[in-house]
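Shown next, in structure tokens, is the structure this report addresses.
In what follows, chains carry the letters A, B, and so on, assigned in the order in which the sequence lines appear, proteins first and then strands, with residues in each chain numbered from 1.
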Amino acid sequence: MLEIKNLHASVVDVEDSEILRGIDLKVSKGEVHAIMGPNGSGKSTLANVLMGRPDYEVTDGDVLFEDKSIIEMAPDARAHLGMFLAFQYPAEIPGVRPWQFLKSALDSKAEARGEDKMSVRNFSKLFDEKVEAVGINPNLVKRSLNEGFSGGEKKRNEMLQLEVLQPSLAILDETDSGLDVDALRIVAEGVNSMRSPERSFIVVTHYQRLLNYITPDVVHILVKGKIVKTGGPELALEVEKDGYKEYFAAAGADA
Amino acid sequence: MTIETPPAAVDKFARAFEKLSSDKSTSPEWIKSLREKAWSAFSNLGLPTKRRGNELWKYTNLRPLADLEFSYGSSGSVTAEQIKCAGPWDDAWDTLVVVDGKFSSELSSLNGTTGLRATSLASAIESSEGDVESQLASLAGKEEYAFTALSTAFVDDGAYVSLGDGSELEQPVHVIFVTSGASESRAVYPRLLMNAGVGSSMTLIETHLNLADTPQFSAPVIEILQDGGSAIRHYRVQMENEASFHIGTTRVSQQGDTDFTSTSFAVGAQIARNDVHTLLDAPGANCTLHGLYMTNGSQHQDQEISTTHAKPGGSSDQFYKGILSGKSHAVFSGKVIVMRNAQKSDANQKDLNLLLSRGAEIDAKPSLEIYADDITASHGATAGHVDRDTLFYLQSRGVDEETAKAILVRGFAEEMLNEFEPPTLFDFVERVTDERIPVLLAESDTIGTA
Ligand SMILES: Nc1ncnc2c1ncn2[C@@H]1O[C@H](COP(=O)(O)OP(=O)(O)O)[C@@H](O)[C@H]1O
Ligand SMILES: [Mg+2]
């Protein structure tokens, strides 16, 4: 599904700004990968580079999605292929209503894939269902997109979009941070219910907490722009106990 | 040493004034004397082409208007189809149409609504109907202001609307000011005089259209007198052609416990000024002055918005939003004066702008002048760009770049569009906005770069 090969990335137009320093990662269909790492290790950068954020420049390596290189593709083209990024810090967009926005996002995807657009009626039904499922206040989604939303509401809104758009690869960037246990469960239930042999997840998290609810197939530890260790679910527990200290040396950096 | 410069462009209007005076020699004495006084005021003032030391016109250069040659005496024809095509129209509304400054009974569509007197201003003047003599030019025309002086010097026709005590209209009253298609440039001074009786309420829509593609000059003056307990929901749509000059003046005086709630939608003209003043003249008067302006090319839009709190317990809320592209220029000059005995007043001012190009420019100067000590007030102005992060957010969900940009610009306008409550009117301003956005974006060079 996704293959990251020796990926190096820097901030656009900033010299010596390399953040990702050679990442190799392979996510097969149906797998859930967790990426853990200390603050500033490059987790969000990786998630954003995969989605094509124009702030970053890929300086070396490649990213293949279903065996095709995507690094030259615009973010919307990647979304049409089936990729999705739930943001750590979702943008606030006044005056744009989630219903309309999601409908046009879904329509663009259908159009790009040569599929039929969903009728307004079916879409409304799906939308209302998902609004209830993620536990977001229905009045909130009638208003602006994320404007005036609390941190938790923004994350629920990201889950709403994830569930409506039904991507084949979902990248969740710290969707768990800032959430109380109830909201955390909603995120986990969302991911677990969407888990299928056809769909993969990359779950970026700083804490092990979320992984109590979502059992990953593979856990990667990212430090200083490099994956320093890969293992099973038990790796997350190790990190929880011992912290990231021992991995800094492996990344060739000071703790 | 100061060098006296003669008042600008007075000669241009002098011949027309003489002609009007001789044509209207049988008018009632009071109106003839009103015109004479206003002409003499204008002759001393001239067009305000000097900007230095002139706070009111500091950011707006009227030289192109002073340089324009006008032709007089020609009045064009307009069809109902043309009007319905160019502006909002609803058969259920009482519509008054003013063509080149003259009321047109053929084009107007009046439904005989109970409690509403709606007619030509010329006939109201000739018969000195109701309180026309004391009301006309009572709010606009006696002050030292060139454009109201000019308008009053030429006061002749337009619309007269009078709402009876206690009348509550269900359907809006729509006044259309239209300039006919013509190759020559004309100067027109249409007026609306309206009074709302005690405890009355209505929706008033004002639309300014221009069917010519040549430069035209219109200086409409709207005077609204609200008796105690009345409520007016007012909308103003200005979409004159991009070669024209539109200097609009609105003056409202509000008695006790009145509401004047206004939303303007301004997209037209080469140089446009929307000059609004509300006078809260009795306790408990509230005014809401909102608006959306969109400019592109070399357009210049100027919002000159002011409120005087003269009595206690009133509120004013000025809130404008602008979307600027190309090399256009907009001005928001908001002023609130709270007089000494206007205690417990509440005044808010806000101007938010979205700049879509490096060449676009906004001058925003909200100001509060407060002489009372027990009041609440706020003011602020911002100018921002659509940022790349927001654009990326939308794109990451599968929306292409062009659509994402349009969604963001539209989102900025949304809250103002939503204020247009009559469905026909909402559909109209929404359509105009959706058509305008691609034009704005085509001249945009900053979106997604900051
Ligand atoms: N657009 C950017 N411009 C400059 N520095 C950046 C940018 N994005 C990330 N960085 C830097 O790269 C490093 C990794 O950031 P990030 O990917 O957000 O880490 P994480 O998500 O693991 O906390 C940090 O030092 C951060 O300051
Ligand atoms: Mg992060």
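Other residues, nucleotides and ligands contribute over 12 non-hydrogen atoms within 6.0 Å of the NZ atom of B:Lys365. Within a 6.0 Å sphere centred on CG of A:Asp67, heavy atoms belonging to other residues, nucleotides or ligands number 12 at most. Heavy-atom contacts from other residues, nucleotides or ligands closer than 6.0 Å to CG of A:Asn122 number more than 12. Summarising the local packing, CD of B:Glu435 is surrounded by more than 12 heavy atoms from other residues, nucleotides or ligands at distances under 6.0 Å. Remark: A:Lys103 NZ is packed, more than 12 non-hydrogen atoms of other residues, nucleotides or ligands lying under 6.0 Å away. Counted within 6.0 Å of CD on A:Glu115, heavy atoms from surrounding residues, nucleotides or ligands total more than 12; the atom is thus considered enclosed.
Using a 4.5 Å cut-off between heavy atoms, B:Leu394 contacts chain A through both its backbone and its side chain. With a threshold of 4.5 angstrom between heavy atoms, A:Asp55 approaches chain B through its backbone and through its side chain. With a threshold of 4.5 angstrom between heavy atoms, A:Pro90 approaches chain B through its backbone and through its side chain. At a 4.5 Å heavy-atom cutoff, the contact between B:Tyr393 and chain A is made by backbone and side-chain atoms alike. Residue contact with chain B, scored on non-hydrogen atoms closer than 4.5 Å, involves the backbone and the side chain of A:Arg53 alike. For chain B, no part of A:Leu102 is nearby; none of its heavy atoms comes within less than 4.5 Å.
Closest heavy-atom contact between B:Thr390 and A:Ala91: CA-CB, 4.1 Å. Nearest approach of A:Ala79 to B:Gln395, heavy atoms of both residues: CB-O, 4.3 Å.
Counting heavy atoms from C-beta outward, B:Asp389 and A:Tyr89 have side chains that stay 4.5 Å or more apart. A heavy-atom distance below 4.5 Å is found between the side chains of B:Arg388 and A:Pro54. With contacts defined as side-chain heavy-atom distances shorter than 4.5 Å, the pair A:Asp76/B:Asp400 qualifies.
Exactly one residue among A:Arg78, A:Met83, A:Met51 makes a side-chain contact (heavy atoms from CB on, under 4.5 Å) with B:Ser396. That residue is A:Met51.
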Take B:Glu414 and A:Arg97, measure what side-chain contact (heavy atoms from CB on, under 4.5 Å) needs, and give me the verdict at the end. CA-CA 10 Å; B:Glu414 182 80 1; A:Arg97 277 178 254 137; 2.3 Å; yes
Assess the residue pair B:Phe392 and A:Phe87 against the criterion (ring pair (Phe, Tyr, Trp, His ring centres under 6.0 Å)); give the C-alpha distance rounded to whole Å, side-chain angles, the decisive distance to 0.1 Å, and a yes or no. CA-CA 11 Å; B:Phe392 173 60; A:Phe87 285 69; 5.6 Å; yes
Let me see the working for A:Ser108 and B:Thr403 under side-chain contact (heavy atoms from CB on, under 4.5 Å), right down to the final yes or no. CA-CA 10 Å; A:Ser108 321; B:Thr403 310; 5.9 Å; no
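Panel note: side chain B:Arg397, backbone A:Leu106; no donor-acceptor pair is recorded below 3.5 Å.
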